[in-house]
Amino acid sequence: MGALVVARLTDSRQYAHLWGTAELASLFEEPARLQAWLDVLTALATAQARLGMIPAGAAADIATHARVDSLDLDLVAEQTRLTSHSMLGLIRALQQVLPEAAREHVYAGATVQDVTDTWFALAMREVGALLWRDLHEIEGSLLGLAVTHRDTVMAGRTHGQPGAPITFGFKAASWADEVRRHLDRLREGRPRWLVGQLGGAVGVLGFFEPQGLALRAQFCAELGLDDPGISWLSSRDRVAEFAGLLSMVCGTLARIGTEVFELQRPEIGELREPTTPEAVSSITMPHKRNPEGSEHLDTVARLVRANASVLVEGMVAVHERDGRGWKAEWSAFPEVCLLTGVALQVGRRLVSGLEVDVEAMRANVERHGDRIASERLLAGLAGKVGKHTAQRLMHEVLSPGTTEVAHVVDALVAAGAATEQECRRWLAVPATGAAGAMVDTVVSRARAARDAEPDTWP
């Protein structure tokens, strides 16, 4: 057979690095997927032999020959198309290389979904381990930024407009705290996700009786997975939940990227993503330094959410097996994982090399004068005349067209609402409030969690 034409950018030699990582591609590319399926078949045969359901010699032969590099992959593809069966091409190719006595004992009593759902669990184990590793690294970088910039004052912004002062450490700590919650979710979800699937035709293990439950326990143990307790052929919440977590992780990284994208604008200039001398932002406008990594985090997050929604749709399944949602998972699940791998890779690079312009942050705060401290003035005035009266007075003196006074203090004094001494006293209270204390809290509890947990996914 001739080579397949590469029609998708995700498979392009030129662009594949934008849509997946080599590390995850090695898990989901066809030879790796087929080998994982063969490993599942081997585990089934081994468990069946241990219970005396098939000859031990047959199980040993299957274990020896179930290697993807020993199979005719053209035959696998040809027989899959010819039979319209998702697994029969692989079974026939495996039978072709097995001794005759072992051929009848391959895939005995199992279904396609027993193999592919168990593969999903194995894939979630691998992807979850990478997620744990990379989120730990990202969290560490963010905690470092939070500590370094605990007291670095910058303008807080709401609705895209300057609000009241915060610190950049407060912003970075917010990111770190969100990443920590994803690590918590990843730890908590592991026992729900990493379970095997062996149900047979409709999930009741009828083919294997009276040893069905014992076989499933042996089968799962052979693969290092937990026994689910009950078949989950039409219960797709595990896959949907895992994908939902990945979409949330990508959402967090996109939130960070979007913040860098906005704050790298030259008229703000407070953050800059790392770059290399070879990077070219624009051929026609060579002065530009585009935040392309930050942009890409949002692009990837959109695609992950879209594919994760397909997996959530799969939860609405009919009867004991429903190929519509289940087979859609075959396309959507690898995409979610591959794209998340890219987001993690870009996110690690972004936060570990983020350039923080402290002087630009200070200048932007100063540029807004005491208007950026209006919250503190409101609080002080509220103590004098009441909160709602204070809010009305400040609204009047700051409404467009009502005053040409450049500063809030001057406006309040001119309106007779307060004296200059009162305003200066109110402004003496730190405008960043409890930002520093909250940074300390986030850093302290994150460090305690990191000290108590393993480097690898527990």
Side-chain angles (χ1 to χ4, degrees), residues 8 10 24 27-30 32-41 43-44 76-77 79-91 107-128 189 192-208 212 216 219-220 223 225-247 303-340:
R8 294 184 176 89
T10 49
L24 282 168
L27 176 63
F28 289 105
E29 64 185 1
E30 186 165 73
R33 172 176 50 77
L34 292 177
Q35 184 58 61
W37 289 2
L38 291 168
D39 292 342
V40 172
L41 295 177
L44 175 61
V76 173
Q79 290 296 306
T80 300
R81 288 193 294 269
L82 179 67
T83 63
S84 296
H85 189 275
S86 304
M87 196 64 58
L88 196 51
L90 182 66
I91 301 306
Y107 193 65
T111 68
V112 174
Q113 206 167 348
D114 290 330
V115 176
T116 59
D117 281 356
T118 300
W119 170 61
F120 271 16
L122 295 173
M124 283 190 277
R125 185 168 64 191
E126 297 297 321
V127 174
R192 289 194 295 274
W193 305 325
L194 302 191
V195 297
Q197 173 80 285
L198 184 64
V202 293
V204 299
L205 294 163
F207 185 91
F208 307 112
R216 187 177 66 198
F219 168 71
C220 292
L223 292 165
L225 299 172
D226 287 340
D227 188 316
I230 187 170
S231 302
W232 48 284
L233 300 176
S234 296
S235 188
R236 312 310 297 170
D237 62 293
R238 289 181 172 91
V239 180
E241 183 188 15
F242 187 77
L245 173 56
L246 297 192
S247 70
L303 293 171
V304 171
R305 288 195 297 272
N307 281 282
S309 71
V310 173
L311 300 173
V312 174
E313 289 289 335
M315 290 181 63
V316 185
V318 176
H319 304 316
E320 281 58 60
R321 192 189 319 277
D322 187 348
R324 294 171 298 177
W326 162 51
K327 290 187 178 179
E329 292 173 355
W330 295 3
S331 173
F333 179 73
E335 284 299 306
V336 166
C337 296
L338 288 164
L339 290 164
T340 300

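This chain uses plain numbering: 1 for the first residue, then up along the sequence. Just the heavy atoms: all of them, side chains too, but no hydrogens, waters or symmetry mates, feed the values below.
The existence of a salt bridge linking Arg33 and Glu30 is confirmed by a sub-4.0 Å separation between a basic side-chain nitrogen and an acidic carboxylate oxygen.
Note that the CG atom of Leu122 and the CH2 atom of Trp37 stand 12.5 Å from one another [nearest 0.5 Å]. Distance check, rounded to the nearest 0.5 Å: CG of Leu198 to OG1 of Thr111 gives 8.0 Å. Summarising the geometry, atom CD belonging to Glu29 is positioned 11.0 Å from atom CG belonging to Leu24; distances are rounded to the nearest 0.5 Å. Atom-to-atom distance recorded for Leu90:CG and Leu38:CG is 4.5 Å, nearest 0.5 angstrom. Here Glu320 contributes atom CD and Leu233 contributes atom CG; the two are 8.0 Å apart, rounded to the nearest 0.5 Å. To the nearest 0.5 Å, the span separating CH2 on Trp330 from CZ on Phe120 amounts to 8.5 Å.
Looking at every heavy atom in both residues, His319 comes nearest to Ser234 through O-OG, 2.7 Å. Phe333 and Ala123 get closest at one heavy-atom pair: CE2-CB, 3.9 Å. Of all the heavy atoms in Trp119 and Ala36, the pair that sits closest is CD1-CB, 3.3 Å. Between Pro334 and Phe28 the shortest heavy-atom distance is CB-CD2, 3.7 Å. When all heavy atoms of Gln197 and Ser231 are compared, the pair lying nearest together is OE1-CA, 3.6 Å. Across Gly314 and Arg236, no two heavy atoms sit closer than the pair O-CG, 3.2 Å.
Side-chain contact between Trp326 and Val112 is present, with at least one heavy-atom pair separated by less than 4.5 Å. Taking the side chain as every heavy atom from C-beta outward, Leu246 and Leu339 never approach each other to under 4.5 Å.
Here the rule is side chain to side chain contact (heavy atoms under 4.5 Å, CB included) with Phe219, and of Leu225, Val40, Asp227 only Val40 fits it. Checked against Thr340 for a side chain to side chain contact (heavy atoms under 4.5 Å, CB included), the options Leu245, Val127, Val304, Asn307 give a single hit: Val304.
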task: I would like to know whether Thr116 and Met87 meet side chain to side chain contact (heavy atoms under 4.5 Å, CB included); could you show each step before the answer?
output: CA-CA 9 Å; Thr116 59; Met87 196 64 58; 4.1 Å; yes
message: Could you go through Leu194 and Met124, starting from their C-alpha distance and side-chain angles, then the distance that decides it, and tell me whether this counts as side chain to side chain contact (heavy atoms under 4.5 Å, CB included)?
response: CA-CA 7 Å; Leu194 302 191; Met124 283 190 277; 4.0 Å; yes
task: Kindly determine whether Val239 and Trp232 satisfy side chain to side chain contact (heavy atoms under 4.5 Å, CB included), including the steps that lead there.
output: CA-CA 11 Å; Val239 180; Trp232 48 284; 4.3 Å; yes
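Put simply, the side chain of Arg321 gets close to the backbone of Ala201: a donor and an acceptor are under 3.5 Å apart. Under the 3.5 Å distance criterion, the side-chain polar atoms of Thr118 are left unmatched by any main-chain donor or acceptor of Gly196. Between the side chain of Ser309 and the backbone N or O of Ala306, at least one donor-acceptor pair lies under 3.5 Å. No side-chain donor-acceptor contact under 3.5 Å links Asp226 to the backbone of Val195.
In Arg324, the CZ atom is not crowded: 12 or fewer heavy atoms of neighbouring residues, nucleotides or ligands sit closer than 6.0 Å. The local environment of CD in Glu313 is sparse, with at most 12 non-hydrogen atoms from other residues, nucleotides or ligands closer than 6.0 Å. At most 12 non-hydrogen atoms from other residues, nucleotides or ligands lie less than 6.0 angstrom from CD1 of Ile230.
A perpendicular orientation is assigned to the rings of His85 and Tyr107, their planes being inclined by more than 60° (bins at 30° and 60°).
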